[in-house]
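Heads up: the structure comes next, in structure tokens.
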Protein chains: 2
Amino acid sequence: MSATVVLVDDHAMFRSGVRAELGQRVDVIGEAGSVAEAIAVVTEKRPDVVLLDVHMPEGGGLAVLEALGPALPDTRFLALSVSDAAEDVIAIIRAGARGYVTKTISADELADAVARVADGDVVFSPRLAGFVLDAFQDSPVAPAVDPEIDQLTPREREVLRLLARGYAYKEIASQLFISIKTVETHASNVLRKLQLSNRHQLTRWAVDRRML
Amino acid sequence: MSATVVLVDDHAMFRSGVRAELGQRVDVIGEAGSVAEAIAVVTEKRPDVVLLDVHMPEGGGLAVLEALGPALPDTRFLALSVSDAAEDVIAIIRAGARGYVTKTISADELADAVARVADGDVVFSPRLAGFVLDAFQDSPVAPAVDPEIDQLTPREREVLRLLARGYAYKEIASQLFISIKTVETHASNVLRKLQLSNRHQLTRWAVDRRML
DNA sequence: CAGCGCATCAGGCACTCCCCCGAGGCGCGG
DNA sequence: CCGCGCCTCGGGGGAGTGCCTGATGCGCTG
């Protein structure tokens with residue numbers, strides 16, 4: 001039960017090498033040497049994993065991902081590239097790839113990476129994952145700190161967080177090791193300070209601020 | 001030249017176990033059993049890596065990260081948790097942790113994870129990384145239309161929409177020109193069909209599906 | 001020390017939520 | 001016509017919510 005794979009790379013020699021090395025461990029059911037060919041082959045073959053070169057003519061792996069990604073939710077894309085540049089990694093991941101490895105990888109490691117991606121995991125070459133996390137942390141579109149939230153005490157902020165997530169007073173009390181009555185007090189203070197009248201509005205408030 | 005580590009976990013027995021298992025492979029230079037203690041110990045010891053429990057009183061690992069993260073750019077935080085919930089993973093990573101592993105991990109794997117984080121890598125338990133990527137991408141890989149929603153009648157869908165937006169039964173009744181009792185019936189049917197137990201979960205359900 | 005903010009907890013009360021039961025009307029297809 | 005799904009309501013009740021008053025202790029500051 002090895003995973004089915006389609007190789008996409010504009011260098012035939014490289015595809016041949018990958019096929020030779022990986023043939024024992026995964027089931028290579030198709031190859032493509034261009035963006036257009038990749039779209040056709042992947043659409044037809046429906047592999048578990050597409051091993052996708054990033055740098056190719058006509059838009060490269062990014063073009064393939066944008067054309068196919070949304071249409072094939074059950075197909076995972078693993079980017080395979082000579083580049084270890086942060087912008088390449090981020091662009092590919094943002095487009096929906098489930099991993100990014102560089103071509104310095106060994107055959108064993110690549111076979112393992114393909115298997116893991118087929119299995120639902122996410123795979124990165126060491127250090128590359130850090131690029132994504134950095135971009136992820138910078139990404140909050142609206143940092144936009146409300147003046148109201150500054151009026152909250154640390155404990156109130158904690159209760160707010162749990163309230164917004166839908167926990168009942170009783171559950172919050174258990175998690176924070178305090179009584180229900182204390183939770184009620186904090187909750188009441190939070191609602192008053194944020195000028196809200198009930199916890200449903202509070203949930204929407206938190207959603208708007210991407211706290212969930 | 002093993003990495004220096006501070007353990008933060010509110011269970012002394014667990015810390016002891018980690019220390020015993022990891023002692024040979026990393027240099028455990030401090031421990032903390034609470035958020036306040038963690039802030040003090042980490043600030044003093046300046047370890048390479050902080051092994052951080054997510055669920056603790058007083059805000060847990062998140063509180064530690066928010067207090068210390070910005071101040072200690074050279075210290076890496078590796079979250080260690082019993083939870084494999086997406087919200088926990090995303091919150092911790094957004095707060096600046098460089099990895100997240102569950103407590104089901106073996107001692108060898110944990111030692112390896114610590115070493116890799118100390119070395120600048122990012123480490124995740126299998127599958128957890130996917131949560132971060134999903135949150136990172138605007139378009140979730142799994143649009144995954146639920147079969148449950150097809151079971152809802154048109155009227156139930158209408159009530160669901162208003163419920164998720166935080167309207168009270170009374171308000172929904174006014175908007176739809178029906179009695180509160182009818183709203184209750186629809187709401188009850190919706191919760192049953194979606195296998196949810198209250199409207200807070202329903203709000204989160206709707207948020208997850210971009211219905212708001 | 002006296003005041004103040006914060007966190008903790010209590011009793012009580014009106015209200016909402018959610019479920020249990022039951023019921024009638026309406027339209028559609030066998 | 002009869003069953004069935006859908007929508008419409010009602011009583012009753014247990015659990016949860018939100019607010020009120022009032023209380024204690026703790027640490028910080030003037």
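Protein chains get the first letters and strands the later ones, always in sequence-line order, with residue 1 at the start of each.
- Toward the 5' end of DNA chain C, the nearer of the two residues B:T185 and B:L191, judged by each one's closest nucleotide, is B:L191.
- Evaluation of atom-type donor-acceptor distances gives no pair under 3.5 Å for the side chain of A:K181 against the base of D:dG16.
- Of all non-hydrogen atoms in A:N198 and A:L191, the two that sit nearest each other are O-CD2, 3.8 Å.
- Applying the 4.0 Å criterion to OP1 and OP2 of D:dA15, one finds that A:Y169 has every side-chain N and O outside that range.
- Among the nucleotides D:dC9, C:dT16, D:dT17, the one closest to the side chain of B:K170 is C:dT16.
- Mapping B:E184 and B:S179 onto DNA chain D by nearest heavy atom places B:S179 closer to the 5' end of the strand.
- Residue A:H186 places at least one side-chain N or O closer than 4.0 Å to OP1 or OP2 of C:dT8.
- At the heavy-atom level, A:T182 lies under 4.0 Å from base atoms of the strands shown.
- Across all strands shown, A:R192 has no heavy atoms under 4.0 Å from either base or sugar-phosphate atoms.
- Among the heavy atoms of the strands, none lies under 4.0 Å from B:I180.
- With 3.5 Å as the limit, one finds a donor-acceptor pair spanning the side chains of A:T182 and A:S179.
- The side chain of A:N198 approaches D:dG18 more closely than any other nucleotide in the set D:dC7, D:dG18, C:dC18.
- Two residues, B:H200 and B:R155, neighbour DNA chain D, and the one matched to the more 5' nucleotide by heavy-atom proximity is B:R155.
- Donor-acceptor pairing under 3.5 Å is lacking for the side chains of A:T4 and A:D27.
- Phosphate proximity of C:dA7 to A:T153: present, with a side-chain N or O under 4.0 Å from OP1 or OP2.
- Residues B:Q201 and B:S197 bring a donor and an acceptor atom of their side chains to less than 3.5 Å of each other.
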